[in-house]
J.: 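Dropping a structure here in structure tokens format, bear with me for questions.
The sequence lines fix the lettering, A, B, ..., with proteins before strands; numbering per chain opens at 1.
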2 protein chains.
Amino acid sequence: MMSKTSKELLEQFRIQCKARGLSITPQRTAIYEALIGSEDHPRTEDIYNRVKAAFPDMSIDTVYRTLCLFAEIGFVRLVEGYGEAKRYDPDMECHHHFRCMRCGRILDFKEPRFDALEVPQQFKQTCAVSSIKVVLEGVCEQCLQKSVEP
Amino acid sequence: MMSKTSKELLEQFRIQCKARGLSITPQRTAIYEALIGSEDHPRTEDIYNRVKAAFPDMSIDTVYRTLCLFAEIGFVRLVEGYGEAKRYDPDMECHHHFRCMRCGRILDFKEPRFDALEVPQQFKQTCAVSSIKVVLEGVCEQCLQKSVEP
DNA sequence: TTACTATATAAGAATGATTCTTGTTCAGCA
DNA sequence: TGCTGAACAAGAATCATTCTTATATAGTAA
Ligand SMILES: [Mn+2]
Ligand SMILES: [Mn+2]
Ligand SMILES: [Zn+2]
Ligand SMILES: [Zn+2]
């Protein structure tokens with residue numbers, strides 16, 4: 001799925017950190033690696049659980065701080081949601097989401113037709129629009145199956 | 001903006017409550033009225049502040065409970081966001097949002113071209129898609145002006 | 001009207017997510 | 001190899017939200 005190898009992404013990570021004067025710590029590296037290995041739009045606590053094996057002493061505060069930093073500098077993206085825990089997305093390419101309103105699963109999809117939607121005039125002229133994306137909502141395949149064979 | 005008068009909406013509110021066996025309390029009515037008078041996608045606390053003048057003893061818990069109930073039964077909609085406090089939208093007609101990433105303002109827009117977007121095959125066949133909407137993000141007019149004339 | 005009962009409310013405690021404070025550690029550099 | 005500011009761990013604090021419980025009241029039947 002990811003268009004770059006994790007090795008390439010890690011190298012980019014190091015370069016970007018250096019360029020911004022950010023230390024490359026083992027914690028940051030582990031959090032970054034956990035992120036790029038995730039396809040499920042993890043919450044902060046999910047990432048915390050994934051790095052805990054390798055870093056039993058890591059504070060969850062470090063994960064919160066680090067994910068927030070990564071979002072600021074563009075390593076990850078915050079996923080739109082409905083006021084629950086924040087979810088992060090390591091895929092920085094333009095793509096869209098389907099959200100299951102029953103189980104919370106968020107599925108990615110690419111759809112060139114959607115990427116090319118034209119920004120309405122009213123915003124084009126007065127605001128600075130930086131992104132346009134489509135959000136689908138409904139019930140996912142797994143949840144639909146659960147409802148028929150209980 | 002709102003296509004029905006507030007009198008009509010209030011009448012609908014009463015009818016819907018009765019149909020569902022829900023009591024029509026002064027608190028619920030006040031919260032509903034505050035909602036339909038709002039164009040700003042208010043947070044629970046905003047609504048609480050707006051009804052407090054008329055109901056100084058109202059508990060904020062009542063506002064949380066009531067807005068949650070209203071969302072369940074389709075009087076209002078939750079607005080997509082990034083893990084901050086929930087925001088509600090009394091406009092149940094199909095429309096889309098522009099979100100200012102600097103001040104948090106959420107602007108409505110109707111765009112028939114966006115309402116008619118076709119659901120990608122992969123979801124059409126396996127999932128039950130109930131809504132499709134477009135989210136624009138960027139910096140709003142007011143915030144842009146602030147950045148040029150400080 | 002009145003009395004009854006299930007529902008709704010107020011108040012405050014509890015929870016979950018996140019941020020802040022502080023003392024300690026360590027990455028990057030001389 | 002030693003310095004120093006940035007990063008970290010731990011735990012307190014905060015913010016949004018939900019839960020618990022005792023009280024009040026809307027809807028209704030007499
Ligand atoms: Mn994604
Ligand atoms: Mn709206
Ligand atoms: Zn699902
Ligand atoms: Zn703005």
J.: Quick check for you: among C:dT18, C:dA11, C:dT9, whose closest atom lies nearest to any side-chain atom of B:Ser59?
T.: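 The answer is C:dA11, which lies nearest to the side chain.
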J.: Among B:Phe75, B:Phe70, B:Phe13, whose side-chain contact (heavy atoms from CB on, under 4.5 Å) with B:Leu35 holds?
T.: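 So the option named by the test is B:Phe70.
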J.: So what does B:Arg65 touch, heavy atoms closer than 4.0 Å: a base, only the sugar-phosphate, or nothing?
T.: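 Base: the residue B:Arg65, judged by heavy atoms under 4.0 Å, touches a nucleobase.
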J.: Determine whether the aromatic ring centres of residues A:Tyr82 and B:Tyr82 are separated by less than 6.0 angstrom.
T.: no
J.: Using a 4.0 Å heavy-atom cut-off across all strands, classify A:Pro56 as base, sugar-phosphate, or nothing.
T.: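 Contact class for A:Pro56: none.
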J.: Over how many whole Å does the gap from A:Glu72 atom CD to C:dT19 atom C1' extend?
T.: 13 Å
J.: In whole angstroms, how far is the P atom of D:dA6 from the CZ atom of A:Arg20?
T.: 16 Å
J.: Would one find a side-chain N or O of A:Thr25 under 4.0 angstrom from OP1 or OP2 of C:dC26?
T.: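 No, because none of the side-chain N or O atoms of A:Thr25 sits under 4.0 Å from OP1 or OP2 of C:dC26.
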J.: Under 4.0 Å between a side-chain N or O of B:Gln27 and OP1 or OP2 of C:dA10?
T.: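 Checking C:dA10 against B:Gln27, a side-chain N or O does come within under 4.0 Å of OP1 or OP2.
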J.: Check whether any side-chain nitrogen or oxygen of B:Thr62 sits under 4.0 Å from OP1 or OP2 of C:dA10, and answer yes or no.
T.: yes
J.: Tell me the interatomic distance from B:Leu22, atom CG, to D:dA26, atom C1', rounded to whole angstroms.
T.: 12 Å
J.: Can A:Ile132 be reached from A:Leu78 by stepping across I, L, V, M, F, W or Y side chains whose heavy atoms are under 4.5 Å apart?
T.: no
J.: Base, sugar-phosphate, or nothing for A:Ile24, non-hydrogen atoms under 4.0 angstrom?
T.: sugar-phosphate
J.: What is the distance, to the nearest angstrom, from the OH atom on B:Tyr48 to the P atom on D:dT17?
T.: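 From B:Tyr48 OH to D:dT17 P: 14 Å.
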J.: Classify the side chain of A:Asp61 and the base of D:dC8 as holding, or not holding, a donor-acceptor pair under 3.5 Å.
T.: no
J.: Using heavy atoms to find the nearest nucleotide of DNA chain D for A:Asp57 and B:Lys86 separately, return the residue whose nucleotide is more 5′.
T.: A:Asp57
J.: If you apply the rule salt bridge (charged side-chain N to carboxylate O under 4.0 Å, His left out), what do you find for B:Lys110 with B:Asp91, and how did you get there?
T.: CA-CA 11 Å; B:Lys110 311 249 177 194; B:Asp91 184 353; 3.5 Å; yes
J.: Which one, C:dA8, C:dT18, D:dA9, comes nearest to the side chain of B:Ser23?
T.: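 So the side chain of B:Ser23 is nearest to C:dA8.
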J.: What is the distance from CD1 of B:Ile60 to C1' of C:dA14, rounded to the nearest Å?
T.: 16 Å
J.: Can you check the B:Tyr82 OH to C:dA17 C1' distance for me, whole Å?
T.: 19 Å
J.: Under 4.0 Å: is that the gap between some side-chain N or O of A:Tyr64 and OP1 or OP2 of C:dT19?
T.: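 So the side chain of A:Tyr64 is outside the cut-off, no N or O lying under 4.0 Å from OP1 or OP2 of C:dT19.
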J.: Send over the distance from B:Phe55 CZ to D:dA24 C1', rounded to a whole Å.
T.: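 The answer, rounded to whole Å, is 14 Å.
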J.: Ignoring the backbone of A:Thr44, work out which of D:dT20, C:dG28, C:dT18 is nearest its side chain.
T.: C:dT18
J.: To the nearest angstrom, how far is A:Ile47 atom CD1 from C:dA17 atom C1'?
T.: 16 Å
J.: More than 12 heavy atoms of other residues, nucleotides or ligands under 6.0 Å from NZ of B:Lys124: yes or no?
T.: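 Above 12, so yes.
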